[in-house]
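A short write-up of the structure that comes next.
In listed order, ligands and their atoms are each counted from 1.
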Amino acid sequence: MSWSPFGETEQPPFGPAPAPLAGPELPSFRFPFSTKTPKTFDGGTAKEATVAEFPVSEKLAGVYMTLEPGALRELHWHANAAEWAYVIDGRCRVTTIDPENRCEIVDFGPGDVWYFPRGHGHSIQGIGPGTCTFVLVFDNGYFSEFGTFSITDWVGHTPPEVLSKTFGVPPETFADFPKKEVYIASGPVPPALPQEPSPGSLDDPPLTHRYQLLAQKPDQFAGGTMRTASMLEFPISTTMTGALLIIEPGSLREPHWHPNAAEWQFYLKGSGRMTVFGSHGRARTDDFAVGDVGYVPQGYGHYIENTGSDTLELLVVLNNGIYQSVSLTGWMAANPDLLLATNFEVKESVFAKFPKDALIMPK
Ligand code: MN
Ligand code: MN
């Protein structure tokens, strides 16, 4: 019988914790995404990490997608999740429609982020040169990219007579339309967008779906930098916050927790190690390489170390538009040394040289 902090007969008092987190040992918080084989389409690829593949990730799911020039991730919407994305490489064009029927068409490049509120229609097309690679994150771990509401699937399952009445064209018009979901279609690279809209043509929604995260001046710490896109910086992103963390060799993102959000991670560069603290004497450490996904349940303590000789870069995506984080250094700095001495049962002088403010990324 394995060791339990509750004794041999006592049941752990975890209450209604999700099953993967309910045991006396914590599960792995790493998903080896880079080793998974994507689904391939004409002009693109996609693979996903949902609770089906990564059971602990209940609140957030992710997709890694590539689009060749001209390849179109077709018009679709998501009934049960908002979509956040980060462009890793290449360029793409996005079209969106909001519930007031306003449309935004905008190009994305490396370091750009998009956010589509749940239910907003959208498409994504590679515009070259080269492959466009991006990561999508959804604020629902049960969301599957292969169960989206696609325009071809819908039109293909609508009788031609209804389509005829809807569009005011003969039913035969739809004879050659696909009968099932296309998902990714291949076509010509569209022409460049006009520099200036022609007079009277603009129909943009009031909030843009694009945020240029890499262009943001980062928060600078002793051991690295952080760029953050919460709804403060990116107002449309009301249910998700994204951040790009760059951690220098030998440094770490210090121990902290997020009171209001679970955390989904994608490792972009370097090598790292994350330890998650789950109370009841439970802590779990996993090593992360490029292409791996990590996850931290809401409120769980965690820290990330750079274990390599190069910078460690990762995306952090939280399922809340308001960014909240409490750091161990800041928490202790906010309490008197005498209290800390009592709490840790050591001399008060021990804390004289401790930081007097949150460090976030110490060197
Ligand atoms: Mn989508
Ligand atoms: Mn975190």
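Inspection of the environment of the Mn ion (ligand 2) yields the following protein N, O or S atoms under 2.8 Å: H256 NE2, H258 NE2, E263 OE1, H302 NE2.
In summary, the side chains of E233 and T228 do not present any donor paired with an acceptor at a separation below 3.5 Å, with no hydrogens or angles considered. Judged by distance alone, the side chains of Y267 and E313 never bring a donor and an acceptor atom under 3.5 Å apart. A donor atom on one side chain and an acceptor atom on the other are not found under 3.5 Å apart for H78 and H120.
Listed by chain and number, the residues in a side-chain contact (heavy atoms from CB on, under 4.5 Å) with S251 are I247, E248, K363 (sequence neighbours excluded). Shown here are the side-chain contact (heavy atoms from CB on, under 4.5 Å) partners of S57, two or more places apart in sequence or in another chain: V51, F54, Y295.
Between I184 and the choices D42, L72, L67, the side-chain contact (heavy atoms from CB on, under 4.5 Å) rule is met once, by L67. Of the candidates E145, E83, E68, E145 is the only one forming a salt bridge (Lys or Arg N to Asp or Glu O under 4.0 Å) with R73.
Legend: protein N/O/S atoms lying under 2.8 Å from the Mn ion (ligand 1), waters omitted, number 4.
When atom types are taken as modelled, the side chain of D292 and the backbone of A289 share a donor-acceptor pair closer than 3.5 angstrom.
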**Report entry** Criterion salt bridge (Lys or Arg N to Asp or Glu O under 4.0 Å) on R93 and D107, from CA distance to verdict
**Finding:** CA-CA 4 Å; R93 179 167 303 167; D107 290 348; 2.6 Å; yes
